[in-house]
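Contents: one structure, followed by commentary.
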There are 2 protein chains.
Amino acid sequence: MARARLTRELIVEAAATLLTESTDDITLAQLGEVLGVDPTAFYRHFRDKDALMRAVSDRILSAVTVDLPPPASDWRATVVEICRRLRAAHVGNPRLAELVRSGPPLNRNEFDLTERLLVELRAAGLKPKAATMAYHALIELTVGSAAIDAALAAEPPDARRQTYERWRSAYRLLDPAEYPTSVRLAGQLYQGDAEQRFQFALDCLLDGIAGHVPGSARST
Amino acid sequence: MARARLTRELIVEAAATLLTESTDDITLAQLGEVLGVDPTAFYRHFRDKDALMRAVSDRILSAVTVDLPPPASDWRATVVEICRRLRAAHVGNPRLAELVRSGPPLNRNEFDLTERLLVELRAAGLKPKAATMAYHALIELTVGSAAIDAALAAEPPDARRQTYERWRSAYRLLDPAEYPTSVRLAGQLYQGDAEQRFQFALDCLLDGIAGHVPGSARST
DNA sequence: ACCTGAACACCGTTCAAGT
DNA sequence: ACCTGAACACCGTTCAAGT
């Protein structure tokens, strides 16, 4: 109805909105409807759906590196903050992780994010080789964790709690003779929310990474 | 041609083969062709495609827990071995991680895997709460890492090396004024293969987890 | 009891025709 | 220069009809 001129900008914005509103894949038909335009009009602005999705991913990653504390003030806190934001961006957009899988987006915001992580890891005292290995480790945990948790995160909180409870009872109801430890620890599985579990994992990983700083207690 | 009676077993086997042979999604038409049967015949044996995929995932996870060293002999080595196998299973079957995202498979082999990991983490000296948190951390890193690396792992080794080199030069060619650290460390990014990078991440994570054992140097 | 084949609703994408 | 609308190839799934 309120037809405006179709631009890449408008398409990306509409796609990003659709993406956050649902777990499902975006459809070009949906996109056309939202924009009040023929479903195929979009081919005048993007090569194909994949190109659109990459543009959307750039837009979503733009939130990750804004307004961070000054470089090297507290490397660990900054790394945690970046990873939290990166995870949130992916969790809020379930379909995004699929794109990252096929390779780094190699766009503006992704370069900013990489630079900043590498700066902090170097500031922590890691040597070049260890810094890049730590960078990869952080990305794999963060993006991987988001990919796993995204589907459930899209559901409302109590549906989520119900699902966790369902999974817990699946373990609780196993044969105690065959699965004694699972049965005993069933109540502890999937405790808290996925974000807290990620924080624990990230803390452990950073403890281990800190051990690679020359002169640290654990370094070889 | 060599028509045999169609069974769930035969369908799952054919699907697993197709899945390992390609990065693409399986098609019911493909499946019908391989089995020498009408594409829709499969609905006599499975509710829908999703049910088939879950059965396939069980089959693939069956390799993870076979022939492990006896419980609690060397918890860290056993955990590493389980995670390596779990990652390999997922990396070899790119479409699998998508299923795990929507929830744990809750089938035989997945229960075995969970039980074994929890047993080892308890044997390491972790308290129940810490053991389950560590379990989640290990799964998120392992499965997440596999999801990220799977697409590229499907390509032949030299294509993979070329891709890594292309990514490295993307960083190398950035503006050194804006991205000094990325440019300087570009040559170190994506070094070795994905498996080695995963091993580094897993080692760091396990270092951090070991710090949660009561009485360890790092425990609070 | 199991399989076939036509049919359906829904994808992404192409392309000639409109303005 | 940009959009429309018909068309195409391809999905998963249903269902009446065959054996």
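It should be emphasised that the depicted structure is a prediction, and the values quoted were computed from it without experimental measurement. Chain identifiers are assigned alphabetically (A, B, ...) following the order of the sequence lines, protein sequences preceding nucleic acid strands; residue numbering begins at 1 within each chain.
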*Please assess A:Y179 against A:Y171 for the test ring-ring contact (aromatic ring centres under 6.0 Å, His included), listing each intermediate value before the final yes or no.*
CA-CA 9 Å; A:Y179 301 99; A:Y171 286 99; 8.7 Å; no
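Rounded to a whole Å, the CD1 atom of B:I11 is 12 Å from the C1' atom of C:dC3. Distance, A:D38 CG to D:dA6 C1': 10 Å, rounded to whole Å. As a whole-Å value, the separation of A:L35 CG from D:dC3 P is 10 Å.
The aromatic rings of A:F42 and A:F46 lie parallel to each other, their planes meeting at an angle below 30°, with 60° marking the opposite boundary.
Residues in residues 173-185 of chain A take part in these salt bridge (Lys or Arg N to Asp or Glu O under 4.0 Å) pairs, two or more places apart or across chains: A:E178-B:R108.
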If you restrict it to nitrogen or oxygen atoms, what contacts under 3.5 Å exist between nucleotides 11-18 of chain C and the protein, and what is each distance?
{"residue": "C:dC11", "atom": "O5'", "partner": "A:T27", "partner atom": "OG1", "Å": "3.3"}
{"residue": "C:dG12", "atom": "OP1", "partner": "A:I26", "partner atom": "O", "Å": "3.3"}
{"residue": "C:dG12", "atom": "OP1", "partner": "A:K49", "partner atom": "NZ", "Å": "2.8"}
{"residue": "C:dG12", "atom": "OP2", "partner": "A:L28", "partner atom": "N", "Å": "3.1"}
{"residue": "C:dT13", "atom": "OP2", "partner": "A:Y43", "partner atom": "OH", "Å": "2.7"}
{"residue": "C:dT13", "atom": "OP2", "partner": "A:K49", "partner atom": "N", "Å": "3.1"}
{"residue": "C:dT13", "atom": "O5'", "partner": "A:Y43", "partner atom": "OH", "Å": "2.9"}

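Counting only heavy atoms from C-beta outward, the side chains of B:Y164 and B:L152 approach each other to under 4.5 Å. For the pair B:L121/B:L138, a side-chain contact is recorded, criterion being any heavy-atom separation below 4.5 Å from C-beta on.
Rounded to the nearest 0.5 Å, atoms CZ (A:R116) and CD (A:E81) are 10.5 Å apart.
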*Dot-bracket for DNA chain C, please, read 5' to 3', with Watson-Crick or G-U wobble pairs under 3.5 Å on both distances, ( ) within the strand, [ ] crossing, | other strand, . unpaired.*
||.|||||...|||||.||
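Salt-bridge annotation for B:E195 and B:R84: present, with a side-chain N of the basic residue lying under 4.0 Å from a carboxylate O of the acidic one.
Relative to the six-membered ring of B:Y190, B:R168 misses at least one condition, a distance below 6.0 Å or an angle of at most 45° to the axis.
Note on A:H45: a side-chain N or O is less than 4.0 Å away from OP1 or OP2 of D:dC3.
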